[in-house]
Amino acid sequence: MYSPALPLTGWIFDVYPTSGGMVVWIVDAEGKSHRLVDPFQPSFYAAGPVAALRQLAADLSRMRLAAPVGMARRQEFWTGEPRDVLEFILLDPERQPALLRRLAVPRPGITLYDCDLPLSLSYCHARRVFPLAKVVVFPNDAANPKFEIRNPKLRFEVEGSAWDLEYPEPPLTLMALTGQGDEQGRGAPLGKLRSLTISCEGETTTLDEGDPETLLGELNTLIRRLDPHVLVTDWGDAFLVPALLGLARRAEAPPEFDREVVRRRIRSAGRSYFSYGRVVYQAPSYPFFGRWHLDSRNSFLLKETALAGLLELSRLSKVPVQKMARTSPGSAISMMQLDRALTDGILIPWKKGEPERWKTAWDLLVADKGGLVYQPITGLYEGVAEIDFASMYPAMMVHHNISPETVDCACCPDNAAPEIGYSTCRRREGLVTRTLRPILLRRQALKRLRDAAFGPARERYDHRQTALKWILVTCFGYLGYKNARFGRIEAHETVTAYAREKLLTARAIAEARGFRVLHAIVDSMWIQKAGATEAESRDLCRAIREAVGIAINLEGIYKWVSFLPSRVDPAVSVANRYLGAFRSGELKLRGIDLRRSDTPPLVAEAQQRMVEILAQADDLAGFAARIPEVLEVFVEYAWRLREGQVRLTDLTIKRTVSKEAGEYKTNSQIGLASRQMADRGVAVHPGERVRYVITDADARSAEDRVRAIPFLAPDTLYDTGKYLELLCRAVETLLWHHGYDHGRLLRILAERGVIPE
DNA sequence: CATTCGCGGGG
DNA sequence: GTGTACGCGAATG
């Protein structure tokens with residue numbers, strides 16, 4: 001294989017293991033890609049009685065997995081004390097899974113550290129580089145006589161650091177690929193690949209099916225000519241790449257996605273798993289070698305933070321971009337904690353250390369409450385201000401030094417959190433604290449840069465700060481996650497205990513200053529005071545900040561805000577159903593139809609238009625004055641439904657299935673729709689979405705009630721009455737406080753002749 | 001009426 | 001590399 005001449009200047013594009021070492025891809029200033037291989041044997045450590053260590057060393061050596069290299073002294077995570085450990089090297093990074101299987105056999109007295117770190121992280125750490133670092137690569141001539149096997153072939157000189165706010169980016173060429181299948185719902189295309197659209201550098205080509213060899217040949221010609229670094233696909237993992245690989249198998253002409261020879265299996269089954277309280281379906285993934293495959297439909301971070309945010313996180317967490325695109329913000333923060341620990345010379349326990357301590361029933365009762373949530377005072381209000389704590393949880397974790405190893409330390413029993421009594425260490429700064437502090441500062445700096453910038457630069461800063469926002473949001477959840485490496489439930493509880501105290505304090509201060517607190521949730525408060533100025537609200541924020549030590553900001557002042565009651569019992573208010581219009585013109589909508597992903601587009605569109613009309617009102621009088629205009633929109637949409645002129649795609653209900661079609665117990669709409677799919681040979685996996693139209697909600701025969709999208713016929717009729725009901729509900733949400741309930745709305749439709757009296 | 005089932009939220 | 005929350009609302013039987 002071609003081997004580039006050193007020294008070489010460029011950016012680190014990707015890093016992944018190969019036999020005996022790591023592949024390092026460098027993209028130079030001309031955009032040319034270079035593949036380097038660097039021998040690499042990562043270290044890991046074991047502590048325990050000498051005899052057991054000797055036995056372990058003998059076993060691993062015999063299996064040619066790892067070799068002992070001598071004793072070392074490193075810092076223990078939980079205690080912060082130095083610990084003597086036996087250092088090993090993993091002989092071949094590709095055999096890390098085999099090593100872990102071997103180490104899983106219980107060995108009395110032995111504790112293992114660092115053995116399961118991601119290899120790209122270990123490598124970057126050992127060579128002091130990071131993804132997207134601008135580097136000059138030299139051949140490494142200085143041999144280390146002690147461990148010949150560990151001698152790297154490469155030496156890097158890095159320009160700047162991963163934490164620089166401004167950095168030069170490699171000149172990347174992006175190619176966008178979209179495939180059309182037999183059926184194109186709003187989800188992944190299905191069936192056979194019908195055509196392929198390729199866009200790159202302003203050129204767009206569409207290749208139709210027909211002879212697979214021709215299609216693949218033309219795709220390869222384009223890839224060769226334009227030589228993209230990044231292939232951005234639409235549904236690449238779930239549909240396009242496996243479809244192209246399938247064509248290639250028949251045509252024996254593989255698509256040239258990779259820059260090295262790769263044999264891969266075509267996997268069509270993904271996996272379903274439970275996360276965040278719901279089932280998620282993960283399509284199989286098809287990473288490329290020497291290029292990045294970024295599937296915009298299979299990357300939460302790419303969708304939320306664009307390429308700029310992805311690059312930002314990749315640099316900071318040392319997870320290569322292509323991998324970062326497919327991981328969650330939670331693993332990004334975990335990687336940053338690992339990196340911090342490595343840099344600080346801390347031993348990283350293989351499995352989660354400390355078991356939870358014993359708790360009394362009382363402790364459990366108070367500690368497990370989570371965030372504080374008030375019941376709002378239902379109603380429609382004007383002149384309400386909303387104030388929010390900024391990044392409350394992470395800011396508190398830093399402020400109170402809350403980290404798994406600092407909670408309930410032996411040395412500072414007097415520094416207890418409110419209610420629950422766990423204290424946090426004052427002497428040793430925790431790992432979580434050390435990881436978060438620079439991220440909080442960096443996010444602030446990026447927001448300032450954003451506010452001073454214009455156009456694309458502004459957007460880029462915003463994407464980068466958004467990426468950091470996501471990892472800040474998830475780091476708190478990880479503290480309470482029992483499988484997280486640096487999670488500990490007591491730390492999680494300490495955070496929520498402080499959070500409750502701070503919100504209570506904020507409330508008390510607001511009330512002492514004559515504000516009425518209408519509502520408060522976790523880190524936000526809605527307050528009202530007759531004749532209060534904006535300055536007065538800002539002054540209140542300052543007072544709260546001084547009292548609790550965490551920044552709280554004026555989110556805005558509402559022209560009007562509506563806190564809605566429960567639909568089940570109108571006498572009860574609910575915390576998360578409200579809407580309002582800020583003086584800035586922005587809307588804030590929570591929990592209403594429009595925000596729900598299972599509301600049909602037509603209903604969402606109608607409600608959006610109505611809210612926008614109401615948002616023009618400056619106060620309650622203006623709100624009331626606009627009601628007739630809102631009702632006009634309502635009647636207009638009702639007419640369209642009645643006339644039967646609405647397109648079925650605008651009536652589609654989209655829901656996520658949580659089980660296989662056969663497991664649904666009742667004839668719920670979603671169960672029926674998923675069974676229709678299964679019966680016709682299109683399995684919908686738990687976590688995937690199913691789309692359907694309500695055809696006759698109350699039909700005796702269950703099969704007639706709904707129709708899954710792929711099986712709509714041109715003459716399929718929708719259930720007008722049912723959709724009118726959904727529309728009424730959306731109007732009711734907006735006009736509830738003026739007495740427009742379902743019955744009154746139906747009377748209006750009858751008066752206008754939309755429905756019979 | 002009880003049971004089943006999906007959704008939201010963060011800045 | 002994965003947060004098995006928690007409460008609401010709708011639909012079913």
- Given dG1(C), dG9(C), dG3(C), the nucleotide with the shortest approach to the side chain of V574(A): dG9(C)
- Message: For a ring-ring contact (aromatic ring centres under 6.0 Å, His included) check, start with the C-alpha distance between F486(A) and F77(A), then their side-chain angles and the critical distance, and finish with the verdict.
- Response: CA-CA 10 Å; F486(A) 298 112; F77(A) 173 68; 5.0 Å; yes
- Message: Of the listed nucleotides (dA11(C), dC5(B), dG8(B)), which one gets closest to any side-chain atom of T666(A)?
- Response: dC5(B)
- Considering only heavy side-chain atoms of T474(A), the closest of dG3(C), dC7(B), dG11(B) is dG3(C)
- Note on the structure: Partner of Q607(A) under side chain to side chain contact (heavy atoms under 4.5 Å, CB included), picked from L579(A), L589(A), I592(A), is I592(A)
- Using a heavy-atom cut-off of under 4.0 Å over every strand shown, decide if K665(A) touches base, sugar-phosphate, or nothing. sugar-phosphate
- Note on the structure: Separation of dG7(C) atom C1' from R590(A) atom CZ, nearest Å, is 17 Å
- Report the distance from atom CD of Q444(A) to atom P of dG11(B), rounded to the nearest whole Å. 15 Å
- Query: Between dA11(C), dG13(C), dG8(B), which one does the side chain of E725(A) approach most closely?
  - Reply: dA11(C)
- Query: Can you check the E304(A) CD to dG11(B) C1' distance for me, whole Å?
  - Reply: 10 Å
- Out of dA10(C), dG1(C), dA11(C), which has the shortest distance to the side chain of R567(A)? dA10(C)
- Message: For the C1' atoms, the ones on dG8(B) and on dG3(C), what distance do you get once it is rounded to whole angstrom?
- Response: 15 Å
- Rounded to whole Å, CH2 of W350(A) lies from P of dG1(C) at a distance of 14 Å
- Which is true for S597(A) with a 4.0 Å heavy-atom rule: it touches a base, it touches only sugar-phosphate, or it touches nothing? sugar-phosphate
- Message: So does D295(A) get a backbone contact from the side chain of S299(A), meaning a donor-acceptor N/O pair under 3.5 Å?
- Response: no
- Message: I'd like to know if E725(A) and K722(A) make a salt bridge, using a cut-off of under 4.0 Å between side-chain N and carboxylate O.
- Response: yes
- Out of dC7(B), dG11(B), dG9(C), which has the shortest distance to the side chain of V568(A)? dG9(C)
- Note on the structure: Out of dA11(C), dG1(C), dG6(B), minimum distance to the side chain of R655(A) belongs to dG6(B)
- Task: Nearest whole angstrom, please: distance from the C1' of dA10(C) to the NZ of K654(A).
- Result: 18 Å
- Task: Just call it for D388(A): base, sugar-phosphate, or nothing, with non-hydrogen atoms closer than 4.0 Å on any strand.
- Result: nothing
- Quick check: does any side chain N or O of E386(A) sit under 3.5 Å from a backbone N or O of W526(A), one acting as donor and the other as acceptor? no
- Item | Flag if over 12 foreign heavy atoms under 6.0 Å of CZ, R102(A) | no
- Quickly work out the I387(A) CD1 to dG11(B) P distance and round it to whole Å. 14 Å
- dG9(B), dC7(B), dA11(C): which one has an atom nearest the side-chain heavy atoms of Q669(A)? dA11(C)
- Message: Between dA5(C) and dG6(B), how many Å separate the two P atoms, rounded to a whole number?
- Response: 16 Å
- Item | Shortest side-chain distance from R577(A), nucleotide among dC8(C), dG9(B), dC7(B) | dC8(C)
- Check the distance between dT2(C)'s C1' and R326(A)'s CZ and give it to me in whole angstrom. 17 Å
- Query: Roughly how far apart, to the nearest Å, are dG11(B) and dC6(C) at atom C1'?
  - Reply: 22 Å
- Task: Please state how far atom CG in L594(A) lies from atom P in dG9(C), giving the value in whole angstrom units.
- Result: 17 Å
